[in-house]
Amino acid sequence: GSSATGYVHAELTLDTLNSANFPTRGYFARTEVISSHEELGADDNYTRLEAHAYKPITLGKNTLVPRFHLSIKVDGDDIPLYDHSSLGGFLNLSGLNRGGLFEENIALAELIYYRKIAELSPALGHGVYAGFSVEAGEAWGGARDFHADDAIFAGSVFLGADTVAGALHLGFGYSEE
(Lines give C-alpha, C1' and ligand atoms only; values in the text may rest on other atoms or scores of the structure.)
Protein backbone atom coordinates (compact mmCIF):
# COMPACT_ATOMS: atom_id res chain seq x y z
CA GLY A 1 0.00 0.00 0.00
CA SER A 2 0.88 3.62 0.14
CA SER A 3 2.03 5.72 3.06
CA ALA A 4 0.96 9.25 3.86
CA THR A 5 3.68 11.73 4.77
CA GLY A 6 3.51 14.97 6.69
CA TYR A 7 6.62 16.45 8.21
CA VAL A 8 8.54 19.54 9.22
CA HIS A 9 12.05 19.94 7.80
CA ALA A 10 14.57 22.48 9.12
CA GLU A 11 18.08 22.85 7.68
CA LEU A 12 21.11 25.00 8.38
CA THR A 13 24.01 24.95 5.90
CA LEU A 14 27.34 26.74 6.24
CA ASP A 15 29.51 26.52 3.11
CA THR A 16 32.70 28.50 2.54
CA LEU A 17 34.36 25.98 0.20
CA ASN A 18 36.28 27.42 -2.75
CA SER A 19 35.16 24.56 -5.05
CA ALA A 20 32.24 22.13 -5.08
CA ASN A 21 34.29 19.30 -6.62
CA PHE A 22 37.87 19.42 -5.29
CA PRO A 23 37.94 22.06 -2.54
CA THR A 24 41.26 23.18 -1.07
CA ARG A 25 40.02 25.65 1.56
CA GLY A 26 36.92 26.58 3.51
CA TYR A 27 34.50 24.26 5.26
CA PHE A 28 31.08 22.68 4.83
CA ALA A 29 28.60 21.89 7.61
CA ARG A 30 24.93 20.98 7.34
CA THR A 31 22.47 20.06 10.08
CA GLU A 32 18.93 18.92 9.33
CA VAL A 33 15.99 17.96 11.51
CA ILE A 34 13.13 16.02 9.91
CA SER A 35 10.08 15.48 12.12
CA SER A 36 7.14 13.43 10.85
CA HIS A 37 3.81 13.86 12.66
CA GLU A 38 0.35 12.34 12.38
CA GLU A 39 -1.05 15.83 13.05
CA LEU A 40 0.45 16.83 9.67
CA GLY A 41 -1.15 13.88 7.87
CA ALA A 42 1.66 11.33 8.27
CA ASP A 43 1.17 7.66 9.09
CA ASP A 44 4.29 7.70 11.32
CA ASN A 45 5.65 9.85 14.18
CA TYR A 46 9.43 10.18 14.34
CA THR A 47 12.22 12.74 14.42
CA ARG A 48 15.56 12.32 12.67
CA LEU A 49 18.72 14.42 12.96
CA GLU A 50 21.26 14.54 10.12
CA ALA A 51 24.68 16.16 10.18
CA HIS A 52 27.40 16.45 7.52
CA ALA A 53 30.75 18.18 7.99
CA TYR A 54 34.11 18.38 6.25
CA LYS A 55 37.07 20.71 5.98
CA PRO A 56 39.87 20.44 3.41
CA ILE A 57 43.40 20.84 4.74
CA THR A 58 45.83 21.77 1.96
CA LEU A 59 49.62 21.90 1.73
CA GLY A 60 50.76 22.85 -1.76
CA LYS A 61 49.04 20.55 -4.25
CA ASN A 62 48.06 18.01 -1.56
CA THR A 63 44.67 18.09 0.13
CA LEU A 64 43.36 15.96 3.00
CA VAL A 65 39.63 16.10 3.74
CA PRO A 66 38.26 14.64 6.99
CA ARG A 67 34.54 14.09 6.43
CA PHE A 68 31.69 12.98 8.71
CA HIS A 69 28.05 12.09 8.05
CA LEU A 70 25.52 11.05 10.67
CA SER A 71 21.78 10.35 10.46
CA ILE A 72 20.05 9.18 13.63
CA LYS A 73 16.51 8.73 14.90
CA VAL A 74 16.17 10.86 18.02
CA ASP A 75 12.50 10.28 18.89
CA GLY A 76 9.31 8.44 18.03
CA ASP A 77 8.26 5.34 16.15
CA ASP A 78 10.38 3.26 13.82
CA ILE A 79 11.33 5.19 10.70
CA PRO A 80 9.50 3.69 7.72
CA LEU A 81 11.58 1.91 5.09
CA TYR A 82 11.00 4.61 2.44
CA ASP A 83 12.68 7.20 4.71
CA HIS A 84 15.72 5.20 5.86
CA SER A 85 19.18 6.69 5.34
CA SER A 86 21.71 4.95 3.13
CA LEU A 87 25.40 4.33 2.63
CA GLY A 88 27.18 2.94 -0.40
CA GLY A 89 28.75 4.34 -3.52
CA PHE A 90 31.79 6.46 -4.28
CA LEU A 91 33.14 8.19 -1.13
CA ASN A 92 30.14 6.88 0.82
CA LEU A 93 31.49 3.39 1.67
CA SER A 94 33.12 2.91 -1.71
CA GLY A 95 32.97 -0.67 -2.88
CA LEU A 96 29.32 -1.06 -1.91
CA ASN A 97 26.56 -0.43 -4.42
CA ARG A 98 25.10 3.06 -4.20
CA GLY A 99 22.49 2.98 -1.42
CA GLY A 100 23.35 -0.68 -0.77
CA LEU A 101 23.28 -0.32 3.01
CA PHE A 102 20.25 1.40 4.54
CA GLU A 103 18.66 1.56 7.94
CA GLU A 104 17.12 4.02 10.43
CA ASN A 105 20.56 5.27 11.50
CA ILE A 106 23.88 5.65 9.73
CA ALA A 107 27.32 6.94 10.60
CA LEU A 108 30.26 7.53 8.25
CA ALA A 109 33.76 8.84 8.91
CA GLU A 110 36.39 9.11 6.21
CA LEU A 111 39.63 10.67 5.15
CA ILE A 112 39.93 11.67 1.51
CA TYR A 113 43.29 12.61 0.02
CA TYR A 114 43.86 14.11 -3.42
CA ARG A 115 46.69 15.79 -5.25
CA LYS A 116 46.42 18.10 -8.24
CA ILE A 117 48.51 16.41 -10.93
CA ALA A 118 47.71 18.56 -13.96
CA GLU A 119 46.06 21.82 -14.95
CA LEU A 120 43.24 21.94 -17.48
CA SER A 121 42.83 24.75 -19.97
CA PRO A 122 40.22 27.26 -18.70
CA ALA A 123 37.89 26.19 -21.52
CA LEU A 124 37.86 22.62 -20.12
CA GLY A 125 37.97 23.22 -16.36
CA HIS A 126 40.39 23.58 -13.47
CA GLY A 127 42.52 20.48 -12.94
CA VAL A 128 43.13 16.74 -12.84
CA TYR A 129 43.52 15.00 -9.49
CA ALA A 130 44.70 11.63 -8.18
CA GLY A 131 43.56 10.45 -4.78
CA PHE A 132 42.35 7.81 -2.38
CA SER A 133 39.93 7.46 0.50
CA VAL A 134 39.80 5.49 3.75
CA GLU A 135 36.24 5.07 5.02
CA ALA A 136 34.38 3.49 7.96
CA GLY A 137 30.63 3.39 8.39
CA GLU A 138 27.74 1.57 9.93
CA ALA A 139 23.98 1.34 9.55
CA TRP A 140 21.78 0.21 12.43
CA GLY A 141 18.19 0.32 13.55
CA GLY A 142 15.52 -1.02 15.83
CA ALA A 143 16.60 -1.84 19.37
CA ARG A 144 20.26 -2.23 18.42
CA ASP A 145 22.67 0.53 19.34
CA PHE A 146 25.68 1.81 17.44
CA HIS A 147 28.77 -0.40 17.89
CA ALA A 148 32.08 0.78 16.44
CA ASP A 149 33.14 -2.90 16.25
CA ASP A 150 30.44 -3.44 13.61
CA ALA A 151 31.76 -0.71 11.29
CA ILE A 152 32.39 -1.60 7.67
CA PHE A 153 35.75 -0.46 6.33
CA ALA A 154 36.10 0.66 2.74
CA GLY A 155 38.25 2.77 0.49
CA SER A 156 38.92 3.92 -3.01
CA VAL A 157 41.63 5.06 -5.40
CA PHE A 158 40.61 7.50 -8.10
CA LEU A 159 41.50 9.95 -10.83
CA GLY A 160 39.26 12.97 -11.09
CA ALA A 161 38.87 16.05 -13.23
CA ASP A 162 37.22 19.31 -12.26
CA THR A 163 35.63 20.17 -15.61
CA VAL A 164 33.31 22.95 -16.73
CA ALA A 165 30.58 20.27 -16.91
CA GLY A 166 31.23 19.14 -13.31
CA ALA A 167 33.34 16.50 -11.63
CA LEU A 168 34.46 13.46 -13.60
CA HIS A 169 35.79 10.47 -11.61
CA LEU A 170 37.35 7.17 -12.62
CA GLY A 171 38.12 4.96 -9.69
CA PHE A 172 38.09 1.65 -7.89
CA GLY A 173 36.29 1.09 -4.60
CA TYR A 174 36.62 -1.75 -2.13
CA SER A 175 34.74 -2.67 1.03
CA GLU A 176 35.07 -5.56 3.41
CA GLU A 177 31.32 -6.24 3.13
Side-chain angles (χ1 to χ4, degrees), residues 11 13 15 17-32 34 48-73 78-118 120 125-163 165-177:
E11 179 178 315
T13 301
D15 183 350
L17 298 173
N18 65 328
S19 168
N21 300 322
F22 293 93
T24 57
R25 63 181 187 276
Y27 60 85
F28 178 90
R30 175 179 291 150
T31 303
E32 299 177 68
I34 297 100
R48 181 175 69 218
L49 172 69
E50 294 198 25
H52 309 258
Y54 57 96
K55 179 178 184 2
I57 302 163
T58 301
L59 285 156
K61 293 183 178 187
N62 302 292
T63 301
L64 184 65
V65 184
R67 181 174 168 245
F68 304 93
H69 177 195
L70 179 69
S71 179
I72 56 170
K73 180 182 87 170
D78 290 343
I79 294 177
L81 186 62
Y82 66 81
D83 210 15
H84 281 188
S85 297
S86 67
L87 293 172
F90 181 58
L91 301 180
N92 197 29
L93 284 187
S94 301
L96 293 178
N97 288 332
R98 185 177 185 150
L101 192 63
F102 59 95
E103 193 45 87
E104 284 186 323
N105 307 291
I106 62 164
L108 174 70
E110 62 187 337
L111 283 174
I112 305 164
Y113 166 84
Y114 45 87
R115 177 180 173 86
K116 190 172 197 177
I117 59 172
L120 288 177
H126 301 289
V128 177
Y129 300 82
F132 66 88
S133 66
V134 178
E135 309 160 34
E138 185 189 358
W140 71 99
R144 188 169 97 50
D145 290 330
F146 171 81
H147 296 288
D149 294 349
D150 294 333
I152 297 169
F153 292 92
S156 68
V157 293
F158 60 88
L159 286 173
D162 192 1
T163 74
L168 177 65
H169 291 97
L170 175 64
F172 171 80
Y174 175 80
S175 79
E176 63 180 2
E177 183 88 353

Please evaluate residues Phe132 and Leu111 with respect to the criterion side-chain contact (heavy atoms from CB on, under 4.5 Å), reporting the C-alpha separation (whole Å), side-chain torsions for both, the decisive distance (0.1 Å), and the verdict. CA-CA 9 Å; Phe132 66 88; Leu111 283 174; over 6 Å; no

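From Leu49, atom CG reaches atom CG of Asn105 across 10.5 Å, with rounding to the nearest 0.5 Å. From Asp83, atom CG reaches atom CG of Asp78 across 12.5 Å, with rounding to the nearest 0.5 Å. A distance of 11.0 Å separates NZ in Lys55 from CG in Leu64, rounded to the nearest 0.5 Å. We find the CG-NE2 distance between Leu101 and His84 to be 12.0 Å, quoted to the nearest 0.5 Å. The CZ atom of Arg67 lies 4.5 Å from the CD atom of Glu110; values are rounded to the nearest 0.5 Å. Rounding to the nearest 0.5 Å places CG of Leu96 at 10.5 Å from OH of Tyr174.
Annotation for Phe102: atom CZ does not count as buried by contact number, only 12 or fewer foreign heavy atoms lying within 6.0 Å. In Asn97, the CG atom is not crowded: 12 or fewer heavy atoms of neighbouring residues, nucleotides or ligands sit closer than 6.0 Å. Heavy-atom neighbours of Arg98 CZ from other residues, nucleotides or ligands within 6.0 Å: at or below the threshold of 12. Residue Arg25 places its CZ atom among 12 or fewer non-hydrogen atoms of other residues, nucleotides or ligands, all under 6.0 Å distant.
Smallest separation of non-hydrogen atoms from Asn92 and Glu135: N-OE1, 3.6 Å. Minimum interatomic distance between Ser86 and Ile106 (heavy atoms only, all atoms of both residues): O-CD1, 3.5 Å. For the residue pair Trp140 and Ala107, the shortest heavy atom distance occurs at CZ3-N, 3.7 Å. Here the shortest heavy-atom pairing between Val65 and Thr63 reads CG2-CG2, 3.9 Å. Considering all non-hydrogen atoms of both residues, Leu108 and Leu91 come closest at CD2-O, 4.1 Å. Annotation for Arg48 and Ser71: closest pair CD-OG, 3.1 Å, computed over non-hydrogen atoms.
Taking the ring centroids of Phe22 and His169, they lie under the 6.0 Å cut-off.
Judged by distance alone, the side chain of Glu176 and the main-chain N or O of Phe153 form a donor-acceptor pair under 3.5 Å. Counting only distance, with no hydrogens or angles, the side chain of Tyr114 and the backbone of Pro23 share a donor-acceptor pair below 3.5 Å.
Using a 4.5 Å heavy-atom threshold, the side chains of Leu120 and Asp162 count as separate. Side-chain contact between Leu159 and Ile117 is present, with at least one heavy-atom pair separated by less than 4.5 Å. The side-chain heavy atoms of Leu87 and Glu103, taken from C-beta on, include no pair separated by under 4.5 Å. Within the 4.5 Å cutoff, the side chain of Ser85 has no heavy atoms near those of the Ile79 side chain. Counting heavy atoms from C-beta on, the side chains of Asn21 and His126 never come closer than 4.5 Å. Annotation: side chain of Ile112 is in contact with side chain of Phe158 (closest heavy-atom distance under 4.5 Å). Between Thr24 and Pro56, the closest side-chain pair of non-hydrogen atoms is not below 4.5 Å. No side-chain heavy atom of Ser175 sits less than 4.5 Å from a side-chain heavy atom of Leu93.
For the residue pair Ser156/Ser133, the side-chain donor-acceptor check at 3.5 Å is satisfied.
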